[in-house]
Enquirer: 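There's a structure below that I have some questions on.
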Protein chains: 2
Amino acid sequence: MESSSATAGVSTRREATRQKLYEAAVTLIAEQGFSATTVDEIAERAGVAKGTVYYNFASKSVLFEELLRHGVGLLTASLREAAEATARAGGGKVDALDAMIRAGLVFIDRYPAFTQLYVAELWRTNRAWQSTLMVVRQQAVAVVEGVLREGVENGEFSDEIDVPLTASALVGMVLVAALDWQSFQPERSLDDVHAALSRLLQGRVSGRRG
Amino acid sequence: MESSSATAGVSTRREATRQKLYEAAVTLIAEQGFSATTVDEIAERAGVAKGTVYYNFASKSVLFEELLRHGVGLLTASLREAAEATARAGGGKVDALDAMIRAGLVFIDRYPAFTQLYVAELWRTNRAWQSTLMVVRQQAVAVVEGVLREGVENGEFSDEIDVPLTASALVGMVLVAALDWQSFQPERSLDDVHAALSRLLQGRVSGRRG
DNA sequence: CTTTTTGAACTGACTGGTCAGTGCAAAAAC
DNA sequence: GTTTTTGCACTGACCAGTCAGTTCAAAAAG
């Protein structure tokens, strides 16, 4: 027992199998939901025997929980990186927010199924992975809240804003716009979508200009 | 015999039973998801026998579909009413948007379980009620899009805004902020939440003021 | 009025099928 | 030779949907 011996993300055989299972599970669960997706389906889609699923994960729920952790970890890292990059480039907090919106869009564009599944589970109660979800949600939202709070401190944002609520609203804006984009207008470019959201963020909607 | 003698030709008893089943189903499905919720549970929560569920609805899926139609109908009517009331009062399109945000919050405050369940299903594919969901979604979003479009026409909004995307983003803003409010800060008042979202809508976030 | 009939609404035990999870021997990979 | 995967038979719980039978209030008959 050892897989942690590989220094940097290099996959052992076991790690590769787990990755295949994540990918199979994420699309199936996004489409059908957790309960409607069978372990047999996941194994088949991953090209693996059912026994292998249970060799690698204690249960279906555990597979799902680790999938959640895995995915939100990627998102959080991406958001954090976007915020830090603008800071390094000397940008303000508005720029940081804008960069995080873009990072969010890129993430959703790359992992639409994961996003879908995450949204579907986020406000549920009475489910086994409830606590996992809370922890992981907080990690992601905290990045947005941090930028807002810093913006208030340095005077860039009004100190009357409600940090947690504004963070939720911003996340919702990006989330729903992106999912609708994927579902109903997939031909549009990311830049296009990003531009529309930037306009909204900066209150450039209710200015007459045409 | 002939209970249908009642004025509208609709049996009250039957309607009352259906209502009880909607109420039972909506909370259970919001908590657990459609597949994880059993018909036995729904019947028990509603205080009726399992057979009654099947006497009133062709199947579990049909019950769910009618529940969706029922709920989104309420929301759509509420949004439309909010928009029309501001128009009657001589308000502009920004006021209409603001009133619709409030109407959305009121709806979510009153029917949190329905909202939750709706969000969880909205972007799924390969489900039996997919087409029903598309239709009702469009009804609701169309109200927001209509106000935006009118605002562009009368010059109140920039004609550079992307109407469908902006509508999605606004819906997402309200949806996620409200669900997070319900889940994580239920003690806060609706006015409070409304004020925070108004501020965001009107771009009064990045104005230093404190 | 009283008795009988009607049928919509409801009941709950039952059925047939599904699925998470197990067990294990043999093969493959490393 | 150790770890991982395979294939597959098996089990026991669970569950959607069915159906023969019950209830009861209102209508019809007497």
Side-chain angles (χ1 to χ4, degrees), chain A residues 1-7 10-26 28-29 31-68 121 126-129, chain B residues 1-26 28-29 31-68 121 126-129:
Chain A
M1 52 190 49
E2 40 13 61
S3 57
S4 57
S5 58
T7 350
V10 178
S11 47
T12 53
R13 182 154 73 116
R14 200 164 180 199
E15 207 44 56
T17 302
R18 292 169 79 102
Q19 190 65 37
K20 278 195 294 182
L21 285 169
Y22 283 154
E23 277 159 24
V26 81
L28 287 167
I29 296 177
E31 283 170 5
Q32 308 176 323
F34 175 81
S35 303
T37 301
T38 68
V39 174
D40 289 280
E41 276 178 313
I42 295 172
E44 190 189 352
R45 169 88 59 113
V48 140
K50 187 181 185 177
T52 305
V53 176
Y54 284 93
Y55 183 76
N56 283 281
F57 298 95
S59 69
K60 186 187 171 187
S61 297
V62 168
L63 162 57
F64 185 58
E65 274 184 69
E66 298 198 5
L67 173 58
L68 283 173
E121 292 297 333
N126 299 343
R127 303 228 77 173
W129 50 82
Chain B
M1 68 291 269
E2 216 39 49
S3 55
S4 59
S5 57
T7 352
V10 180
S11 154
T12 2
R13 180 142 88 111
R14 200 161 188 211
E15 207 43 55
T17 303
R18 292 169 79 102
Q19 190 64 38
K20 279 195 293 182
L21 285 168
Y22 283 154
E23 275 160 26
V26 79
L28 287 166
I29 296 178
E31 282 170 6
Q32 306 175 321
F34 175 81
S35 302
T37 301
T38 68
V39 175
D40 288 280
E41 276 177 315
I42 295 172
E44 191 190 350
R45 169 91 56 117
V48 301
K50 187 179 192 178
T52 304
V53 176
Y54 286 93
Y55 181 77
N56 283 280
F57 299 95
S59 68
K60 185 185 172 189
S61 297
V62 167
L63 163 59
F64 185 58
E65 274 185 69
E66 298 198 6
L67 174 60
L68 283 173
E121 291 298 332
N126 300 343
R127 303 230 77 173
W129 50 83

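Below, read A as the first sequence line, B as the second, and so on, with proteins coming before strands; counting in each chain starts at 1.
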Enquirer: Rounding to an integer number of Å, can you tell me how far A:N56 CG sits from D:dT5 P?
Expert: 5 Å
Enquirer: Report the distance from atom CD of B:E44 to atom CG of B:L28, rounding to the nearest 0.5 Å.
Expert: 9.5 Å
Enquirer: Rounded to the Å, how far apart are A:R14 CZ and D:dT6 P?
Expert: 13 Å
Enquirer: Axis-to-axis angle across the helix from C:dC1-D:dG30 to C:dC30-D:dG1, five pairs an end, to 10 degrees?
Expert: 20°
Enquirer: If I take atom CG from residue A:L68 and atom CH2 from residue A:W129, how far apart are they, to the nearest 0.5 angstrom?
Expert: 8.0 Å
Enquirer: Quick one: pull up CZ in A:R18 and OG1 in A:T52 and give me the separation to the nearest 0.5 Å.
Expert: 12.5 Å
Enquirer: Could you measure the distance from the CZ atom of B:F64 to the CD1 atom of B:I42? Nearest 0.5 Å is fine.
Expert: 9.5 Å
Enquirer: Which pair of heavy atoms, one from A:V48 and one from A:L21, lies closest together, and at what distance?
Expert: CG1-CD2, 4.5 Å
Enquirer: Rounded to the nearest 0.5 Å, what's the gap from CD on A:E66 to CG on A:N56? Could you check?
Expert: 10.0 Å
Enquirer: Assign B:V48 to base, sugar-phosphate, or nothing according to its heavy-atom contacts below 4.0 angstrom with the strands shown.
Expert: sugar-phosphate
Enquirer: Find the distance between CD1 (B:I29) and OH (B:Y22) and round it off to the nearest 0.5 Å.
Expert: 11.5 Å
Enquirer: Tell me, do A:S61 and A:F34 make a side-chain contact under 4.5 Å, heavy atoms counted?
Expert: yes
Enquirer: Quick one: what's the B/S/- string for nucleotides 17-30 of chain C, heavy-atom cutoff under 4.0 Å, read 5' to 3'?
Expert: --SBBB------SS
Enquirer: Could you tell me whether the phosphate oxygens of C:dA9, OP1 or OP2, come under 4.0 Å of any side-chain nitrogen or oxygen in B:T17?
Expert: no
Enquirer: Expressed in angstrom and rounded to an integer, what is the separation of A:E15 atom CD from D:dT3 atom P?
Expert: 17 Å
Enquirer: To the nearest angstrom, how far is B:R18 atom CZ from C:dC10 atom C1'?
Expert: 15 Å
Enquirer: Roughly how many Å is it from CZ in B:F57 to P in D:dA16, rounded to a whole number?
Expert: 16 Å
Enquirer: Got a donor-acceptor contact below 3.5 angstrom from the A:R127 side chain to the B:Q32 backbone?
Expert: yes
Enquirer: Counting only side-chain N and O atoms of A:Y55, is one of them less than 4.0 Å from OP1 or OP2 of D:dT5?
Expert: no
Enquirer: Under 4.0 Å between a side-chain N or O of B:T52 and OP1 or OP2 of C:dA9?
Expert: no
